[in-house]
Protein chains: 2
Amino acid sequence: MTTSPPSIVVGLNAVIIALTDGQPRVLTVSLPEDTPIEGGTRAGGGEGQRLLEALPTGPLDPEGDRTLELALRRWVCAYAGLELGYVEQLYTFGDRDRDPRELGGGPRVVSAAYIALVRESEPADGLGARWRSVYRFLPWEDWRGGRPQVIDEHIAQALTRWIDAGPDPEDRLHRRVRAGVSFGLEDSPWDGERVLERYELLFELGLVAESIRDREPLREGSTNPEIHRGLGLEMAFDHRRILATALGRIRAKIRYRPVVFELMPSTFTLLQLQQAVEALAGVGLHKQNFRRLVEQGGLVEGTGRHEHLTGGRPAERFRFRREVLLERPAPGVGLPGARH
Amino acid sequence: MTTSPPSIVVGLNAVIIALTDGQPRVLTVSLPEDTPIEGGTRAGGGEGQRLLEALPTGPLDPEGDRTLELALRRWVCAYAGLELGYVEQLYTFGDRDRDPRELGGGPRVVSAAYIALVRESEPADGLGARWRSVYRFLPWEDWRGGRPQVIDEHIAQALTRWIDAGPDPEDRLHRRVRAGVSFGLEDSPWDGERVLERYELLFELGLVAESIRDREPLREGSTNPEIHRGLGLEMAFDHRRILATALGRIRAKIRYRPVVFELMPSTFTLLQLQQAVEALAGVGLHKQNFRRLVEQGGLVEGTGRHEHLTGGRPAERFRFRREVLLERPAPGVGLPGARH
DNA sequence: TCCTTTATGCTCAACTTGAGCATTATCGAT
DNA sequence: ATCGATAATGCTCAAGTTGAGCATAAAGGA
């Protein structure tokens, strides 16, 4: 059987999330700027070009891999030495020209992205894989310390300029509403789950490095060179969009499925659990109400053992009660008492 | 460029849902039992073999189609004459041997399935496309008239037999819990969203036609020939699994996004709206509480005009208030007062 | 022993949900 | 015209949930 260039390649992207030092982390690899197309396994490193962070990506072996998920587990294990636990399908990205090299006659790349949640650990390195805080890439998403600086310093003004640049009043109203809803301006509330919406708006406005890189002409209206360096850390291909999709999904899911526990050690204090939820949700929570929710919701049970390194009164260590899954239809951790 | 047999084909499946006569309907086509592999467009009809219902399926043109969603819209419009409105990606199915003909050396088929919601209308027929009640395929999912007969008559016993056939006590406990949670037996509540879980359990037990068709040896323990005819209407390939996935997703989504309105005419009475939600959710709702929820939730606004063909006091006609999308983070219709 | 720090217990008001009673408006049959 | 059936719509009430905050407990360190 002769191998002619395939017209379609199916790639698998992994958004592998862990929680370390109170930050949600994502596993990334470094990628020289022009790498063989996605779908072929590549593992960082390169000659001497600009390196970009990318999500680990591997191919589907149409004959060998029985399922997409198994394919993903197989090569993540092979190349990053990570045994994945919880894995769920995120989204399939199939736009043409997601990968610039498609333009040169390469195959169409359809990428199935997966989210994996793992307990913190060092990846078997040497492949250039590393853990990066998710908020390095999406700094406007972290509201734990109040409204992020980057919004006031860069985003708000750029949004205002964009709104005012609308060609007619109706269009300006539309822009105002869109910006307000996405970023919780004016009287719209901040909605932590609209992560993708926000990224796409910033992309449209030319505020992220990818929009300058991947789009043809330069935007009018975005003249500030400082902004042109881009908000947050750039990623290869459309991987930052994928990361944004993943964060939005995790934030939504945490409310009605006990997925946080996939990121926790087997026992933990309630403060640790709360901080894990806060890290993912990107907002601070009301401590007492959080306790009430997880305890009365039957999500955890005390172990009787205590943690003494709290800096204050020792805290009881809890464990996840797997049985909830059977008792309640939608046992999530919820986000009670997000501080206003 | 020579065309050698591709090793991977990307197919697009459409779960197109409408609401007619109080039933959720899905658009299906008839498919002779051995049809060219998915991913090539086919439009029903055939010689004289057994016909199976299938979801409309079309190919991705790797060069022509800019996005997966546009590809889907393109051929649904071309072959079924349907302009799709609301479309969302459902799931990507990529297991090997989903299509039996892959065994014969055919290409690996990866199918991206989409949900589309449309207002009722006749499809441009002649292609064998027709609307079928979703509950013809998944009859155990319709609890509007109380617990469905098929559960008491067939499923419950089969589950019990399966539980008792567990090799050891631990295994039997596990089976009992799984059956209980999935089908709301014993003290577990019925969870309308676990549609896929239920279908997969029935598939494992050999209670649906597909499991006999697609699996190698016959199950032990399933000796009842009546049951072997299968519960609900059979579909081609894994399309019933896809339909189950879609129904579960719609039921979940209806709670936090106003998607029902995609299925409604521009104005409607509150009872019509309630019946639409009930049709999708598969459960009856408390009328007064439902009103309260949609009115106070700002989801609808009265038009001042009334419908007189109600059989009782005339009902005001309402319309969807698009503005909610901007006001509240998660404006769904919820399922208030699901009758116990 | 006091102070700081965190854990944990408890209360209270506001709001949401589940259930059901009561009243109103039409149509059709008497 | 009146009665009865059928819906629509208005309203109440108890129970449960959520948002906020006060109060107390138990450590370690100055």
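What you see is a predicted model; the values in this text were computed from it and never measured. Chain letters run A, B, ... following the sequence lines, proteins first and then strands; every chain starts at 1.
Look at CZ on R317(B): it is 14 Å from C1' on dA8(D), rounded to the nearest Å. Rounding to whole angstrom units, CG of residue L309(B) and P of dT6(D) are separated by 17 Å. To the nearest angstrom, P of dT18(D) lies 11 Å from CZ of R255(A). For E307(A) and dA27(D), the CD to P distance is 13 Å, given to the nearest whole Å. One atom, CG of L285(B), and another, P of dG20(C), lie 15 Å apart when rounded to the nearest Å. Straight-line distance from the CD atom of E316(B) to the P atom of dT26(C): 12 Å, rounded to whole Å. Taking atom CZ on F290(B) and atom P on dA7(D), their separation rounds to 17 Å, with Å as the unit. Between L273(B) atom CG and dT9(D) atom P there is a gap of 12 Å when expressed in whole angstrom units.
When the shell of 6.0 Å around NE2 of H174(A) is examined, it contains 12 or fewer heavy atoms from other residues, nucleotides or ligands. By the neighbour-count criterion of 12 heavy atoms within 6.0 Å, atom CZ of R136(B) is sparsely surrounded, having that number or fewer from other residues, nucleotides or ligands. Counting non-hydrogen atoms of other residues, nucleotides and ligands closer than 6.0 Å to CZ of R119(B) gives a total above 12.
Between R291(B) and dT9(D), a side-chain N or O to OP1/OP2 separation shorter than 4.0 Å is present. Considering only side-chain N and O atoms, K287(A) lies under 4.0 angstrom from the phosphate OP1 or OP2 of dA7(C).
Residue contacts for Q288(A): at a heavy-atom cut-off of 4.0 Å it reaches a base atom on one of the strands shown.
Take the nearest nucleotide of DNA chain C for Q272(A) and for P314(B): the residue whose nucleotide is more 5' is Q272(A). Mapped onto DNA chain C by nearest heavy atom, G312(A) and H306(A) fall at different nucleotides, with G312(A) at the one closer to the 5' end. Residue T310(B) is the one, among T310(B) and R313(A), whose nearest nucleotide of DNA chain D lies closer to the 5' end (criterion: closest heavy atom). With the nearest nucleotide of DNA chain D identified for both L271(B) and R292(B), L271(B) has the one nearer the 5' end.
With hydrogens and angles ignored, no donor-acceptor pair under 3.5 angstrom links the side chain of H308(A) to the base of dG28(D).
Atoms CG and OH, from L233(B) and Y135(B) in turn, are 15.5 Å apart once rounded to the nearest 0.5 Å.
In this structure, R194(B) forms no cation-pi arrangement with W140(B), as its terminal cationic atom is not both closer than 6.0 Å to the ring centre and no more than 45° off the ring axis.
Here the nucleotide nearest the side chain of N289(A), chosen from dT8(C), dT9(D), dG19(D), is dG19(D).
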